[in-house]
There are 2 protein chains.
Amino acid sequence: MQRTPLDDSLKVTRNQPTLREMVLDKLRQAIMSFQLLPGDRLVERDLCDKLGVSRTSVREALRHLEAEGLVESESSRGPRVAVITLEDARDIYELRCVLESMVVQLFTQKATRQQMAEFDHAWEILKAALRSGDTVAIVNAVSDFYGVLYEGAGNRIAGQFLSQLQARVNYLRATSVSQKERYVDSFKEMTKIVDAIQARNPEAAHEACVEHIKAASKVALAALAEKQGKAVDPITPPLNPAQSLR
Amino acid sequence: MQRTPLDDSLKVTRNQPTLREMVLDKLRQAIMSFQLLPGDRLVERDLCDKLGVSRTSVREALRHLEAEGLVESESSRGPRVAVITLEDARDIYELRCVLESMVVQLFTQKATRQQMAEFDHAWEILKAALRSGDTVAIVNAVSDFYGVLYEGAGNRIAGQFLSQLQARVNYLRATSVSQKERYVDSFKEMTKIVDAIQARNPEAAHEACVEHIKAASKVALAALAEKQGKAVDPITPPLNPAQSLR
DNA sequence: TTCTGTATTATGGTATACCAATATAATTTA
DNA sequence: TAAATTATATTGGTATACCATAATACAGAA
């Protein structure tokens, strides 16, 4: 009688999160859901009181958020939720353009049938959430939608970076008045991306994504530029085969 | 007589770095220069002794390095210098391909004459360092070379991300035996990039960069795959106009 | 009422204590 | 001698103390 080989399934997992990990999640969530807004001071003792932990856990979580760009500290001013500059916003959109179009292209090329089915499903849920107008539902649906995309693109590091970039412009996207006016166009652009993905056309998906982010960045950066009384260069999208054939 | 408008030039700067910032720099430098190798445990009390600071500063620096991906902690195992997995290595090369080619393209399109002069100078210094064979000089020259590129590309966030990605594969690049055998090819490829940049040809610079990173990744990933007894997918480079004209 | 000086409070930086869990070393047993 | 058991040391998690500096509040003078 052959013994079944030992594998990892017997291994005891021990995944009790530390207090600082829980604090990190809570703070990130509070920033993403606008309980904490850009510019808000993050006074350590206040956070200790609210979260019921010591300054050690709070400080270590703040260090992590600083590395992610969601929190900033200036010398002698204490930490605060990062306020995005116009320059950084345009840099982030430029980067997203290149990264997101790559992820969309990779997903189109590589997604398994199951991942494509999950993608279709996430898209349906997102459409329903957009129809409902429920902000919490939309935020969750968008997050799931991108999560499926990142998973199927087969590049975990790109997914991580894109999540960080999106987190940093989360407030800007939510508050650009013209973003709301773009709602119909935005929906059309996303539909174009989804159609190209479903048609397994990486070039078309890539281009649709580039167009979408170009349009989104134009609006968001214009709003921010106006608010800050500055001009801003448009982003440079990635080189694209369709471009050169024109 | 018109008063000269007040600006920031009168403002007193106060940039004394904190202990944790100094610790962060020291640890990052130790990792980059192979005083600390992937897999090395980072025992807090040991680091306190060596650096002459308390555990608070060490722990906060470690949190930052964790967020950057240079350090990893598993539950109940304590922190250690991150060991890169084959999957993450390929994801990082795939990402670098897209980001570095974008940065090279942007630099080619946007660099001022002064930035181009600085780039030329950095390239001369790098060539001299490569001829000398002095590892420290090479590491510094490479860092300066990329620094100039990132500066001239006009996307600060891309520069930051690329620095992080390069840091994470620093050891892999330095230790792939076949990397050393690639020396001549690598030099030719970089020369091609530089020539295209100097000729102000963004498409050619983009393509040369893509080819360079494809070749570098093939070698580094093959070495790591062999070491880990695994296979790995090649990276998918960005879509490229020259590709589609072929 | 405004400005200046002083007092008080707030807060981030840094150090250290304590504990529980884990790893390692030492001892005992078969 | 090897295995099992027990003892000890190590180490990360977390809390709290203390201090110096900066910010804010308050009082007095002009």
Side-chain angles (χ1 to χ4, degrees), chain A residues 6 8 10-28 30-31 36 38-83, chain B residues 6 8 10-28 30-31 36 38-83:
Chain A
L6 222 56
D8 278 353
L10 289 178
K11 190 169 288 178
V12 169
T13 60
R14 25 191 188 194
N15 289 329
Q16 182 85 1
T18 61
L19 284 184
R20 83 169 170 269
E21 287 166 337
M22 293 192 274
V23 169
L24 179 59
D25 283 345
K26 295 275 192 180
L27 288 178
R28 196 189 279 118
I31 294 171
L36 290 169
D40 282 358
R41 290 192 60 200
L42 298 164
V43 180
E44 290 177 13
R45 287 175 176 79
D46 286 350
L47 293 175
C48 290
D49 289 342
K50 289 193 180 99
L51 294 160
V53 298
S54 76
R55 284 180 63 215
T56 308
S57 303
V58 166
R59 286 177 64 87
E60 293 189 12
L62 289 175
R63 296 297 83 84
H64 197 107
L65 290 169
E66 272 170 12
E68 285 184 11
L70 284 178
V71 160
E72 62 194 5
S73 302
E74 268 171 59
S75 72
S76 80
R77 282 188 191 273
R80 67 176 189 168
V81 180
V83 177
Chain B
L6 222 58
D8 278 352
L10 289 178
K11 192 169 285 180
V12 169
T13 60
R14 24 189 191 191
N15 289 329
Q16 180 85 359
T18 62
L19 284 184
R20 83 168 169 270
E21 286 164 336
M22 294 192 272
V23 168
L24 179 59
D25 283 346
K26 295 274 191 180
L27 288 178
R28 197 188 281 118
I31 293 171
L36 290 169
D40 281 359
R41 289 192 61 199
L42 298 163
V43 180
E44 291 176 12
R45 288 175 175 79
D46 286 349
L47 293 175
C48 289
D49 289 341
K50 289 192 179 102
L51 295 160
V53 298
S54 76
R55 284 179 63 214
T56 308
S57 304
V58 166
R59 286 177 64 85
E60 292 190 13
L62 289 175
R63 296 297 82 84
H64 198 107
L65 289 169
E66 273 172 10
E68 284 184 12
L70 283 178
V71 160
E72 62 194 6
S73 302
E74 266 170 61
S75 71
S76 80
R77 283 189 190 272
R80 68 175 188 167
V81 181
V83 177

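Per chain, numbering begins at 1; letters A, B, ... match sequence-line order.
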In whole angstroms, how far is the P atom of D:dA15 from the CZ atom of A:Arg20?
12 Å
Output the single nucleotide from C:dT16, D:dG12, C:dG12 whose closest atom is nearest the side chain of B:Pro79.
D:dG12
Pick base, sugar-phosphate or nothing for A:Arg55, based on heavy-atom distances below 4.0 Å to the nucleic acid.
base
Return whichever of A:Gly52 or B:Asp46 has its heavy-atom-nearest nucleotide of DNA chain D closer to the 5' end.
B:Asp46
Phosphate OP1/OP2 of D:dG12: any B:Arg41 side-chain N/O under 4.0 Å:
yes
Whole angstrom is fine here: how far is it from CD in B:Gln16 over to P in D:dA20?
15 Å
What pair of heavy atoms forms the shortest contact from A:Val23 to A:Val58, and how long is it?
CG1-CA, 4.2 Å
Is the shortest side-chain N/O distance from A:Arg59 to OP1 or OP2 of C:dG12 below 4.0 Å?
no
Quick one: A:His64 NE2 to D:dG13 P, roughly how many Å, whole number?
14 Å
Identify the two heavy atoms, one from A:Pro38 and one from A:Val83, that lie closest to each other, and give their separation to 0.1 Å.
C-CG2, 3.8 Å
Once you round it to whole Å, what is the distance between P of C:dT11 and CG of A:Asp49?
11 Å
Touch check for B:Thr18, heavy atoms < 4.0 angstrom, all strands: base, sugar-phosphate only, or nothing?
sugar-phosphate
With DNA chain C as reference, determine whether B:Val53 or B:Arg45 sits nearer its 5' end, using the nearest nucleotide of each.
B:Val53
When rounded to whole Å, the CD to C1' distance for the pair B:Glu21 and C:dG12 reads 12 Å
Which angle, rounded to 10°, do you find between the first-five-pair axis and the last-five-pair axis of the helix from C:dT1-D:dA30 to C:dA30-D:dT1?
0°
Compare all side-chain heavy atoms of B:Leu24 with those of B:Leu65 and state whether any distance is below 4.5 angstrom.
yes
For residues 58-69 of chain B, which residue pairs qualify under salt bridge (charged side-chain N to carboxylate O under 4.0 Å, His left out), counting only residues two or more places apart or in two chains?
A:Arg59-B:Glu60, A:Glu60-B:Arg59, A:Glu60-B:Arg63, A:Arg63-B:Glu60, B:Arg20-B:Glu60, B:Arg28-B:Glu68, B:Glu44-B:Arg59, B:Arg63-B:Glu66
Inter-residue atom distance A:Leu42.CG - A:Leu27.CG, 0.5 Å rounding
7.0 Å
Distance, rounded to the nearest Å, where B:Glu44 contributes CD and C:dA17 contributes C1':
15 Å
In sequence, state the C-alpha distance, the side-chain angles, and the governing distance for B:Val53 and B:Leu47, and then conclude on side chain to side chain contact (heavy atoms under 4.5 Å, CB included).
CA-CA 8 Å; B:Val53 298; B:Leu47 293 175; over 6 Å; no
Hey, does the side chain of A:Ser54 come within less than 4.0 Å of D:dA15's phosphate (OP1/OP2), counting only N and O?
yes
May I have the distance from A:Leu51 (atom CG) to D:dT14 (atom P), rounded to whole angstrom?
13 Å
To the nearest Å, give me how far apart CZ (A:Arg80) and P (D:dA23) are.
14 Å
Under the side-chain contact (heavy atoms from CB on, under 4.5 Å) test, which residues partner A:Ala82, sequence neighbours left out?
A:Glu72
